[in-house]
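First the proteins, then the strands, lettered A, B, ... as listed; each starts at 1. Just so you know, these numbers use all the heavy atoms, side chains as well, and skip hydrogens, waters and symmetry mates.
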2 protein chains.
Amino acid sequence: MNTRPSTTQQRIDQMVAKLKAHDCRITPQRLAILRILAAGEDHPSVEMVHERVKHEFPTTSIATVYKTVHLLKQINEVVEIAFPDWSNRYDGGKPFPHPHVICIRCRKITDPKLGFLKNMTAQVAAETGFDIVEYRLDFFGICADCKEKEGPTKEELT
Amino acid sequence: MNTRPSTTQQRIDQMVAKLKAHDCRITPQRLAILRILAAGEDHPSVEMVHERVKHEFPTTSIATVYKTVHLLKQINEVVEIAFPDWSNRYDGGKPFPHPHVICIRCRKITDPKLGFLKNMTAQVAAETGFDIVEYRLDFFGICADCKEKEGPTKEELT
DNA sequence: TTGTTATTGATAATGATTCTCTTTTAATAG
DNA sequence: CTATTAAAAGAGAATCATTATCAATAACAA
């Protein structure tokens, strides 16, 4: 839906540029939050981001993290992975829709490479008459690590 | 992931049978809720279900609807379509994972037929090492009706 | 019909997120 | 470098969908 993968530093620079383009200020707290989200690998929750930011800036309020994440979501610089039961998780590494694979035991979230989904949205648009602006594709299951730890399990949700 | 589409009455019967198999009682309120969910077409929220049930049983508490929906979710007889901003929506017509197309203007939810997604989960399992138990695929956009009403719109989320 | 126990209904509690408001500070111009 | 000013931070209250609690009721098996 737009840019290619890039280094964390490039992503930080992109986010900063986008924020400046929207007349937003770059505060130290905000930059710390950007750095954590730009890494992208672990898809943290707001609370997880807050914990890490506090190492650098111990007085940071969780409201500040919420506000920054919300702002980044508005300007399409972070992808929100929302859940009904758990806290939402955020991906600042790839700020465009992409699939996720989510372990329902340890809640690890990873980005699979799924070539067969090319022009999925175009096909859906053609079949439904919708203008598709976004999609969400999440697979839920048990990751290899958790399978190993606890033995065989199907029907986790039964 | 299991059964084929069926009539509303068949779906109601399936749900009742599943509930009985789990030693759950079939109360009149519950049956009314089942009937609404089994129709499936409009993917209602709990509040919408509650409104309709009250026509038949005016004293029905919304807690009862929440409890019944939660129960049906547990036994895999209803699919939950959860949103961070809106109320969750429910599909009792096809109680197995399937894609949805969601209008971000009028919030209409429909079930597209997308043949190209066959063995999607098998491919993801092969590529990630996960045991996939479930998936969620939602497309967000502007439906044909809303496009017509309000003229051209891309970048709805920008 | 009766007894057991799940369910109902009303309301309180929860928990993630957002809002409010005062204080602080980033960004800019002089 | 300093002053200006509007945005952002921080703390806590408010919100809202959903869940939990619990006494009263009713399904259903015997």
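- Going from atom CZ of B:Phe83 over to atom P of D:dT18 covers 11 Å, rounded to whole Å.
- Counting heavy atoms from C-beta outward, A:Thr121 and B:Phe139 have side chains that approach closer than 4.5 Å.
- Residues A:Pro112 and A:Val101 have side chains in contact (heavy-atom distance under 4.5 Å, counting atoms from C-beta outward).
- For B:Thr59, taking side-chain heavy atoms from C-beta onward, the closest of the listed nucleotides D:dA9, C:dG9, D:dA27 is C:dG9.
- Rounded to whole Å, atom C1' of D:dG10 lies 13 Å from atom NZ of A:Lys54.
- Side-chain proximity of B:Lys67 to C:dG9, D:dA11, C:dT7: nearest is C:dG9.
- Residue B:Phe57 is the one, among A:Cys24 and B:Phe57, whose nearest nucleotide of DNA chain C lies closer to the 5' end (criterion: closest heavy atom).
- Nearest nucleotide to the side chain of B:Gln29, out of D:dG10, D:dT18, C:dG9: C:dG9.
- Spacing between atom CD1 of A:Ile81 and atom C1' of C:dA16 amounts to 17 Å, rounded to whole angstrom units.
- Nucleotides of DNA chain D nearest to B:Ile62 and A:Leu71 differ in position, and the one nearer the 5' end is that of A:Leu71.
- For A:Tyr66, counting side-chain heavy atoms from C-beta on, the closest listed nucleotide (C:dT17, D:dT18, C:dA26) is C:dT17.
- For A:Ser87, taking side-chain heavy atoms from C-beta onward, the closest of the listed nucleotides D:dG10, C:dT17, D:dA17 is C:dT17.
- Using a 4.0 Å heavy-atom distance criterion, B:Pro28 is classed as a sugar-phosphate-only contact.
- Applying the 6.0 Å contact sphere to CD of A:Glu47 captures no more than 12 heavy atoms from other residues, nucleotides or ligands.
- Closest to the side chain of A:Arg25, out of D:dT18, D:dA8, C:dA6, is D:dA8.
- Within the 4.0 Å cut-off from OP1 or OP2 of D:dA17, not a single side-chain nitrogen or oxygen of B:Asn88 is found.
- The 5' end of DNA chain C is approached more closely, in terms of each residue's nearest nucleotide, by A:His70 than by the other of A:His70 and A:Lys20.
- Looking at B:Arg11, its side chain never comes within 3.5 Å of a backbone N or O of B:Ala39 through a donor-acceptor pair.
- Nearest to the side chain of B:Arg30, among C:dT8, C:dG9, D:dA26, sits C:dT8.
- Put simply, the side chain of B:Glu80 does not reach to within 4.5 Å of the side chain of B:Val69, judged on heavy atoms.
- For the pair A:Ser61 and D:dA9, the criterion of a side-chain N or O lying under 4.0 Å from OP1 or OP2 is not met.
- Taking atom CG of residue A:Leu34 and atom P of nucleotide C:dA26, one finds them 15 Å apart after rounding to whole Å.
- Panel note: side chain B:Lys147, backbone A:Gly129; a donor-acceptor pair is recorded below 3.5 Å.
- Both B:Ala63 and B:Ile26 lie near DNA chain D, and the one whose nearest nucleotide falls closer to the 5' end is B:Ala63.
- In this structure, CG of B:Asp23 is placed 13 Å from C1' of C:dT4, rounded to the nearest angstrom.
- Using a 4.0 Å cut-off, some side-chain N or O of A:Thr27 falls inside it from OP1 or OP2 of D:dA9.
- Judged by the 6.0 Å distance and 45° axis criteria, B:Arg52 is not positioned over the aromatic ring of B:Phe57.
- Remark: side-chain polar atoms of A:Arg89 are paired, donor with acceptor, to backbone N or O of A:His43 under 3.5 angstrom.
- Residue contacts shown for B:Glu47 are absent, as no nucleic acid heavy atom lies under 4.0 Å away.
- Relative to the axis of its first five pairs, the axis of the last five pairs of the helix from C:dT1-D:dA30 to C:dG30-D:dC1 sits at 40°, rounded to 10 degrees.
- Looking at every heavy atom in both residues, A:Phe130 comes nearest to B:Cys143 through CZ-CB, 3.4 Å.
- Per the geometry, CG belonging to B:Leu19 stands 11 Å off P belonging to D:dC28, to the nearest Å.
- B:His22 has its NE2 atom 17 Å from the C1' atom of C:dT7, to the nearest Å.
- Distance CG (A:Leu31) to P (D:dA8): 14 Å, rounded to an integer number of Å.
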